[in-house]
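Read through the structure below, which is laid out as structure tokens, and then see the notes.
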Amino acid sequence: AAMSRLSLTFGCWNYDRTRALMDGTVVPDGIDLNYLNMPVEETFFRMLRHKEFDVAELSLSSYSVSMHNPARPFVAIPAFPSRFFRHSCIYVHAGSGIRTPQDLIGKRIGNPEYQMTAPVWIRGILSDHYGVPVDSVTYLTGGEEEPGRSEKIKLDLPPNIRVESIGPDKTLSQMLHDGEIDALYTARMPSSFLRGDGRVKRLFENYEPIERDYYRSTGIFPIMHTIAMRRDVYEAHRWIAQSLMKALTAAQKRSYEDLYETAALKTMLPWLTSHVEQVRREMGEDFWPYGFEKNEATLRTFLRYHFEQGLSKRLLEPRELFAPEAL
């Protein structure tokens, strides 16, 4: 009989960079991976509330919050399946008179959850680069498209940070459209913006050059998600950290190759080749880096934001986040 392999469940969305793990083209050493393909909100909720999976992609912010729980229920490896420049994700109500970032000061601003990674980056960038202090606005939390969303993790914020709930029957998307909130920091584009009636706009309408300048000046391509193992599973099988790290890297390598294949386009973007060349010129060959060293500075900035925004009880060191075997 074949040597038995360790069976692990893996909660993750279907990204190009992880697809080889989902379809079995890349097999992690010693592991029989049961890849559960789910949208991020479901994965996060089920992992954070019930620890349902052995391994899962996890919000970098939620994971950092969990580091302050004495039990430290999860331990991460430095693979980052989701990254996103978030300047494009600040939406404003057209009637609120918000033309520049400074106009956000004193306003009512929606975030689906205060602890979500995307708003942590947005608030930090606005504070560092645009002079909008984190405690200069009132935050309103709740469901973006469906009412009744609550924070996945109980928060204990300093008194200078004002966070209110919008209540069980409202949605942030509709409130933004109606001017009940002035702005929204979020990950998912709200339906009230997609409606296209002009009531909801982006703060940075011409966001691409702004995000490119941000990258040029900071070297940061913001990290949204990391990969976290349940601590009890990791403690019982320390070798899985390295095995998963190798497999995630191998799967990502296939994606890098697919993006630059010219015999046929594997992704439905007509000028994909030109786009990849432009990105490589700006960000280098490994423009979506995995591993600790290449991400240490980005993680350090994120953890500072997390601390400044009252989500971390102390300033975490980037190295603390990861299994030592995966460094």
- Going by heavy atoms in the side chains, are Glu211 and Ser88 under 4.5 Å from each other? yes
- How about Tyr234 and Phe74: are their ring centroids closer than 6.0 Å? no
- Query: Are Arg86 and Phe84 in a cation-pi setup, meaning NZ or CZ lies under 6.0 angstrom from the ring centre and within 45 degrees of the ring axis?
  - Reply: yes
- Task: May I ask you to test the Arg300-Glu317 pair for a side-chain heavy-atom distance under 4.5 Å?
- Result: yes
- Assess Arg149 against Phe45: is NZ or CZ under 6.0 Å from the centre of the six-membered ring, and within 45 degrees of the ring's axis? no
- Query: Within the distance-only criterion (no hydrogens, no angle test), does the side chain of Lys313 pair as donor or acceptor with the backbone N or O of Asp156 below 3.5 angstrom?
  - Reply: yes
- Qualifying residue, where the test is ring pair (Phe, Tyr, Trp, His ring centres under 6.0 Å) with Phe221 and the options are Phe85, Phe80, Tyr215: Phe85
- Task: In plain terms, say whether Glu145 and Arg188 are close enough for a salt bridge, that is, a side-chain N and a carboxylate O under 4.0 Å apart.
- Result: no
- Query: Do the side chains of Glu57 and Met47 get nearer than 4.5 Å, heavy atoms only?
  - Reply: no
- Task: Spell out, as yes or no, whether a donor-acceptor pair under 3.5 Å connects the side chain of Asp103 to the backbone of Thr100.
- Result: yes
- Mind checking what makes side chain to side chain donor-acceptor pair (under 3.5 Å) contact with Lys294, not counting sequence neighbours? Asp286
- With a distance cut-off below 6.0 Å to the six-membered ring centre and an angular limit of 45° from the axis, does Arg17 pair with Tyr290 as a cation-pi contact? no
- Query: With side chains defined as the heavy atoms from C-beta onward, is the minimum distance between His225 and Tyr15 less than 4.5 Å?
  - Reply: yes
- Message: Measuring only between side-chain heavy atoms, which start at C-beta, is Glu235 closer than 4.5 Å to Asp232?
- Response: no
- Query: Are the charged groups of Asp128 and Arg304 less than 4.0 angstrom apart, N to O?
  - Reply: yes
- Does any non-hydrogen side-chain atom of Met116 lie less than 4.5 Å from one of Asn111? no
- Task: Under the salt bridge (charged side-chain N to carboxylate O under 4.0 Å, His left out) rule, collect the residues that match up with Asp23, sequence neighbours excluded.
- Result: none
- Task: Using the side chain to side chain contact (heavy atoms under 4.5 Å, CB included) rule, pick out the option among Val26, Val27, Ile31, Leu244 that qualifies with Leu21.
- Result: Val26
- Any donor and acceptor pair, going by atom type alone, linking the side chain of Thr267 with main-chain N or O of Leu269 inside 3.5 Å? no
